[in-house]
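The figures that follow rest on heavy atoms only: side chains count, while hydrogens, waters and symmetry mates do not. The chains referred to below are lettered A, B, ... by the order of the sequence lines, with proteins before strands, and numbering in each begins at 1. Bear in mind that the values here come from a model prediction, so they are computed numbers and not experimental data.
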Amino acid sequence: MTKGNIRKILIANRGEIAIRIIRACHDAGIIAVAVYSEIDKTAYHVRLADEAYCVGPALARESYLNQRKIIEIAHDCGADAIHPGYGFLAENSEFARLCEKNEIIFIGPKSETIALLGDKLEARRVAIKAGLPVVPGTDYDIQDIKKVSSIAKDIGYPLLVKAAAGGGGKGMRIVQSEDGLVESVESAIREAGSAFGDGRVYFEKYLENPRHIEIQIFADSHGNAVYLGERECSIQRRHQKVIEESPSPIMTPELRKKMGMAAVNIAKESKYLGAGTVEFLVDGNCNFYFLEVNTRLQVEHPVTEMVTGIDLVREQIRVAEGKTLSFKQEDIQPRGHAIECRIYAEDPHQDFMPSTGIVAEYREPSGPGIRVDSGVVSGSEISIYYDPIMAKMIVWGRDREESMERTERALTEYRISGVHSTIGFACSIIRSGGFRKGEYSTGYVDHEFPDRNFECPLSDQARKAAFAAVIFDYMERQKIAIAPKRNSEKQSGWAQYYRNSAVNRLDKVR
Amino acid sequence: MTKGNIRKILIANRGEIAIRIIRACHDAGIIAVAVYSEIDKTAYHVRLADEAYCVGPALARESYLNQRKIIEIAHDCGADAIHPGYGFLAENSEFARLCEKNEIIFIGPKSETIALLGDKLEARRVAIKAGLPVVPGTDYDIQDIKKVSSIAKDIGYPLLVKAAAGGGGKGMRIVQSEDGLVESVESAIREAGSAFGDGRVYFEKYLENPRHIEIQIFADSHGNAVYLGERECSIQRRHQKVIEESPSPIMTPELRKKMGMAAVNIAKESKYLGAGTVEFLVDGNCNFYFLEVNTRLQVEHPVTEMVTGIDLVREQIRVAEGKTLSFKQEDIQPRGHAIECRIYAEDPHQDFMPSTGIVAEYREPSGPGIRVDSGVVSGSEISIYYDPIMAKMIVWGRDREESMERTERALTEYRISGVHSTIGFACSIIRSGGFRKGEYSTGYVDHEFPDRNFECPLSDQARKAAFAAVIFDYMERQKIAIAPKRNSEKQSGWAQYYRNSAVNRLDKVR
Amino acid sequence: MTQFENRYVVTVDDEEFDISLRKAGDGLQIDYKGKTYNVAVDKLGDKKVLLKIDAGSSEVDIFRNGRGLNVFLEGKEMVAKVEPYNLAELRKSAGSALKDVEDKVVKAPMPGLVLVVNVKRGDIVKKGMTLVIIEAMKMENMIKAAHDGKVKEVFVISGKAVDKNEKLLELE
Amino acid sequence: MTQFENRYVVTVDDEEFDISLRKAGDGLQIDYKGKTYNVAVDKLGDKKVLLKIDAGSSEVDIFRNGRGLNVFLEGKEMVAKVEPYNLAELRKSAGSALKDVEDKVVKAPMPGLVLVVNVKRGDIVKKGMTLVIIEAMKMENMIKAAHDGKVKEVFVISGKAVDKNEKLLELE
């Protein structure tokens with residue numbers, strides 16, 4: 001692995017995160033190389049990059065997951081480093097190892113660290129070793145099916161069967177009582193085996209309605225490791241985060257320090273490098289439990305950027321260059337409050353079903369405190385092939401109240417037509433009583449909106465649509481053209497206007 | 001004037017500043033009322049407002065300057081307050097008085113204060129009384145033409161003849177020596193008389209290549225007055241600001257405090273209310289001289305918002321409601337560095353000639369630290385009637401270096417087609433050596449770019465245009481259609497794709 | 001009723017609006033639920049207008065799509081149908097057979113891969129029951145019954161790739 | 001020279017480019033100054049394409065406007081003319097009369113009000129001299145001579161309102 005200044009980075013990703021990384025490259029004067037699948041040939045990340053190479057057909061495993069092809073492009077174009085973004089190859093230790101072998105800097109932790117922390121059971125052991133509180137459970141995998149009943153009794157119900165190699169809910173089961181315990185374990189083992197080729201499962205106590213709070217960590221290759229405060233990520237749908245904020249409404253300086261130090265301990269224990277996130281569950285009494293480590297940049301990293309003022313992607317690049325962190329623990333002084341709303345191409349009224357098509361019009365809100373990281377522009381296509389995230393809107397305010405007010409306002413300004421979006425959904429969450437008071441947990445969306453009756457940001461749309469329809473229909477039938485936009489060059493009324501005021505103006509000039 | 005919570009604000013302005021104020025209203029839950037001239041009937045500020053009323057024909061004096069009509073609309077729609085923005089009626093004491101008479105809150109200082117500080121000679125007297133250093137000159141108007149020679153000798157050459165009622169360079173003359181002095185004074189008196197109906201002129205020493213630095217002040221109706229740091233505004237063309245930053249590259253904490261206290265003194269002396277700006281000239285030895293007070297929100301106010309985190313427009317509304325300032329002097333802790341680039345519809349290569357037409361495509365940059373306050377969207381029309389400002393791009397960074405890097409990057413991302421813009425111009429300023437070192441004064445643009453040879457952000461456009469043209473021409477002649485965008489609903493390749501991968505995928509599901 | 005006064009029934013998704021439209025000077029007026037509104041539309045672009053209702057304005061994407069109009073405003077996509085009042089009354093008294101037919105065909109809301117088909121011909125289904133699961137964008141999407149009914153016909157099998165709006169099944 | 005190899009002279013504003021274009025496989029190749037580039041255009045929208053030159057790409061607004069093409073890319077608006085190489089050579093040897101005629105007519109760059117006309121018929125003007133001042137957007141705009149010459153004809157007087165591209169005067 002060559003150290004020193006990175007001159008050219010290949011970004012092995014697409015959409016908003018590819019664009020986020022391109023921006024960091026350009027800020028740093030680094031050449032940004034995009035890769036794209038055939039269907040993405042005119043995508044916005046291709047247009048913003050300095051160079052772009054086709055990496056294969058639309059299907060991710062033939063393009064964005066095609067490790068050898070990506071390495072080959074990196075070699076051919078002379079890239080010093082690869083940034084994997086999130087998703088795709090970001091937590092693939094094999095790919096990180098392939099980069100290392102090919103003397104290309106992988107912007108992320110070392111491949112061993114990724115492999116170690118990617119195994120949930122191993123990560124749990126590391127956490128215990130680092131002195132972190134973990135959810136009560138087993139620190140070994142269940143090998144003897146005859147013993148499950150007594151192990152389960154020790155932990156207590158309800159409990160969670162989890163796959164060691166897990167992710168995305170596969171190989172996971174909630175067990176409420178001894179009834180069906182054996183059956184659940186057996187089926188979880190089968191599912192994990194088929195999904196990950198690794199059937200190891202273990203037990204954890206199931207916490208009801210916990211908060212999901214995570215700590216951003218950063219470590220360099222000189223032994224420095226710091227935490228950059230927390231992100232509260234309990235607003236979820238389909239078990240995926242949709243709205244995040246920092247600070248967490250329940251956070252105290254003491255708790256932040258405790259959780260932060262715990263996260264730093266795990267970084268040190270695992271010889272962590274670069275940006276990472278330690279996820280915790282927090283119960284109603286502010287007890288926190290280690291959940292897992294995400295060995296990459298998170299989707300919601302801008303929330304931390306807004307309150308700390310630190311550009312996490314540029315810092316990743318610095319660390320990858322072998323530099324020391326540009327800040328110390330005491331330099332990190334969070335200011336104000338930030339909220340992120342993820343904007344998905346989904347229909348919230350149809351159980352968040354993905355929505356495909358052309359984004360006819362895309363117009364972002366702006367004004368004080370608003371930042372939008374988007375992967376789409378007007379005319380972009382949302383296909384079925386990839387994650388339906390279109391953009392993230394991040395809003396900063398002096399305090400939580402101002403940040404909520406601005407978020408609500410900005411959502412009503414946001415305009416995406418042609419595909420469904422979660423803008424109205426985000427607005428109804430921000431307006432809901434529990435969110436406003438900061439009283440919510442991971443079950444909030446399902447609990448508050450059992451009928452998915454998300455109100456849209458503004459009321460009365462059906463009546464307005466009826467009015468628009470009746471006028472449009474009338475004009476169409478009467479063959480009345482809707483007045484075209486004035487065009488100053490063609491139908492110039494200017495000359496006439498100036499004619500009228502000419503004498504008057506000239507009096508003054510003379 | 002009714003005090004208490006403002007429920008509804010009429011915004012007597014257009015373009016980006018009207019939109020900025022609408023956003024502040026919406027953040028505060030206040031109903032925003034727009035007014036528009038006939039030509040602005042579909043303008044973006046009309047679309048974002050809650051209510052919008054036509055205020056007259058395109059010509060400003062028949063619409064945005066039509067005081068009685070605006071008051072009438074405010075009455076009819078039940079607005080509690082009027083926000084004048086900047087320009088138009090913002091510093092018109094007569095209009096402020098008309099609001100007061102009609103019991104509508106004018107969001108700005110009292111009409112007497114506007115009248116007092118609007119008279120440059122009076123403002124100079126106030127400044128002297130408040131103990132501020134002023135540019136050497138007369139604190140009375142020149143009444144006896146026979147005495148000018150001896151007065152001029154006392155002050156020294158070069159000197160400036162300025163109109164007391166002045167603005168926009170009218171009634172102003174630079175005099176290099178006694179030759180032509182009397183003639184210049186007489187012509188300035190004539191011009192001022194004809195332009196303002198007030199022929200009073202006075203003398204000031206002419207400073208060569210000073211810096212233009214201004215202090216943002218804020219005062220409430222309870223006797224509190226604070227300063228919010230400075231803005232450096234020396235980058236100008238046609239004697240108008242184009243790029244502003246905060247902090248100023250030459251500022252020290254001591255100088256900031258001295259200038260800040262001076263500005264606060266003038267606020268106290270003039271019984272100031274609300275947001276205001278005290279402009280200073282600063283010479284090469286960091287001596288500062290009072291120039292004038294702008295009794296309104298400045299175009300460049302977001303620069304201060306970015307570094308202080310304070311929403312100046314919301315604070316204006318709070319103060320207008322009779323509330324005390326939401327911050328004290330010690331709460332104001334500037335953080336990082338901000339740069340604003342004004343984006344005008346002008347052609348920098350043709351001496352900044354205004355450019356009119358339809359904005360075919362308008363797409364803003366984004367990412368960490370970027371804020372764009374725009375008055376236009378795709379499809380907006382730039383007419384000859386109003387100021388050619390389209391938008392302001394404000395960029396925050398941890399330090400001046402990061403803020404410059406991000407500014408340069410964001411400018412290359414910005415896309416405005418259909419009209420000329422100052423994007424490329426801004427880029428060449430940011431890249432220029434003097435700006436990068438922070439070594440510049442008001443003469444910088446003319447001095448550094450005598451031939452107006454502003455390079456565009458990226459090179460080699462002509463060659464690329466030639467390539468595009470030759471391909472376009474070839475395809476047109478060969479009648480080859482340029483491949484249309486894929487449309488997932490019509491030319492669906494998806495079904496085929498899924499067909500190919502169906503068996504494979506199903507294996508896992510089962 | 002004058003030449004310029006027209007009464008309509010506008011159906012927006014499931015909601016009906018009884019609206020009268022007339023010319024008034026240079027502009028148009030709407031009567032709805034006993035209130036009168038001054039209305040106007042100005043063109044903003046292709047398929048896009050600015051709708052003004054008294055002092056309020058909304059950007060509306062609107063275009064004809066078969067018998068209906070596609071309308072998008074304030075974040076919501078809707079389908080509107082405009083019928084003269086008399087015709088609508090006639091249709092209603094003749095029974096609302098039309099609408100039902102549309103409701104009975106269950107279509108794919110997006111292109112994707114059919115993972116699971118939960119029902120077969122003749123099955124009795126209840127409102128809210130999952131009929132078919134389609135995978136798209138790496139997520140499983142449940143296609144549920146909009147009302148109680150009996151399965152008349154199933155057009156897809158597990159493993160079939162479907163296009164948007166492809167028929168999945170029909171209820172009786 | 002094969003059917004698919006074509007040589008052109010492209011004039012962009014004042015600059016000339018000698019370019020050869022040919023088909024290569026599914027795509028197109030350009031030869032320019034001894035280097036070969038793989039090029040492609042993909043449609044992005046009405047009048048808008050994505051131009052790819054090897055690994056680089058640029059969004060380009062491009063449309064035909066009379067004899068030329070309007071091209072906007074990377075913040076710069078340009079006018080391009082494409083001529084077959086042989087024709088261009090012919091034109092050049094015949095003298096560049098065409099261009100000169102265009103240069104000699106001074107037009108209003110924007111609509112506005114003529115404030116000042118500094119020259120009259122027969123006056124000798126020098127490059128850079130202000131010929132006419134037009135007011136628009138509250139600012140005075142100096143229309144300057146592009147080269148030395150003699151005033152042949154003046155079409156406007158102070159106080160006249162002009163449209164964009166209206167003739168102001170002609171030089172000899």
Legend entry - Contact class of Pro368(B) relative to chain A, heavy atoms under 4.5 angstrom: both
Legend entry - Under 4.5 Å from any heavy atom of chain B - which part of Arg23(A): both
Inset, instruction - Evaluate the side-chain proximity of Glu405(A) to Val395(A): yes if any heavy-atom separation is below 4.5 Å, no if none is. - result: no
Inset, instruction - Measure distances from Ser403(B) to the heavy atoms of chain A and classify the residue's part below 4.5 Å as side chain, backbone, both or neither. - result: neither
Legend entry - Contacts of type side-chain contact (heavy atoms from CB on, under 4.5 Å), residue His420(B), not counting sequence neighbours: Asp347(B), Ser355(B), Glu77(D)
Inset, instruction - Check whether any side-chain heavy atom of Tyr414(A) sits under 4.5 Å from a side-chain heavy atom of Val372(A), and report yes or no. - result: yes
Legend entry - Under 4.5 Å from any heavy atom of chain A - which part of Arg314(B): side chain
Legend entry - Given Arg20(B), Met393(B), Glu364(B), the one that forms side chain to side chain contact (heavy atoms under 4.5 Å, CB included) with Ser374(B): Glu364(B)
Legend entry - Contact class of Arg363(B) relative to chain A, heavy atoms under 4.5 angstrom: side chain
Legend entry - Flag for Arg398(A)-Ser326(B): side-chain donor and acceptor within less than 3.5 Å: yes
Legend entry - Side chain, backbone, both or neither of Ile370(A) within contact of chain B (heavy atoms, under 4.5 Å): backbone
Legend entry - Contact leader toward chain B among Arg371(A), His26(A), Met404(A), where contacts are heavy-atom pairs under 4.5 Å: Arg371(A)
Legend entry - Trace of the side chain to side chain contact (heavy atoms under 4.5 Å, CB included) decision for Glu402(A) with Asp311(B): CA-CA 10 Å; Glu402(A) 188 173 74; Asp311(B) 185 330; 4.3 Å; yes
Legend entry - Top contributor to chain B interface from Arg335(A), Glu361(A), Glu413(A) [non-hydrogen pairs under 4.5 Å]: Arg335(A)
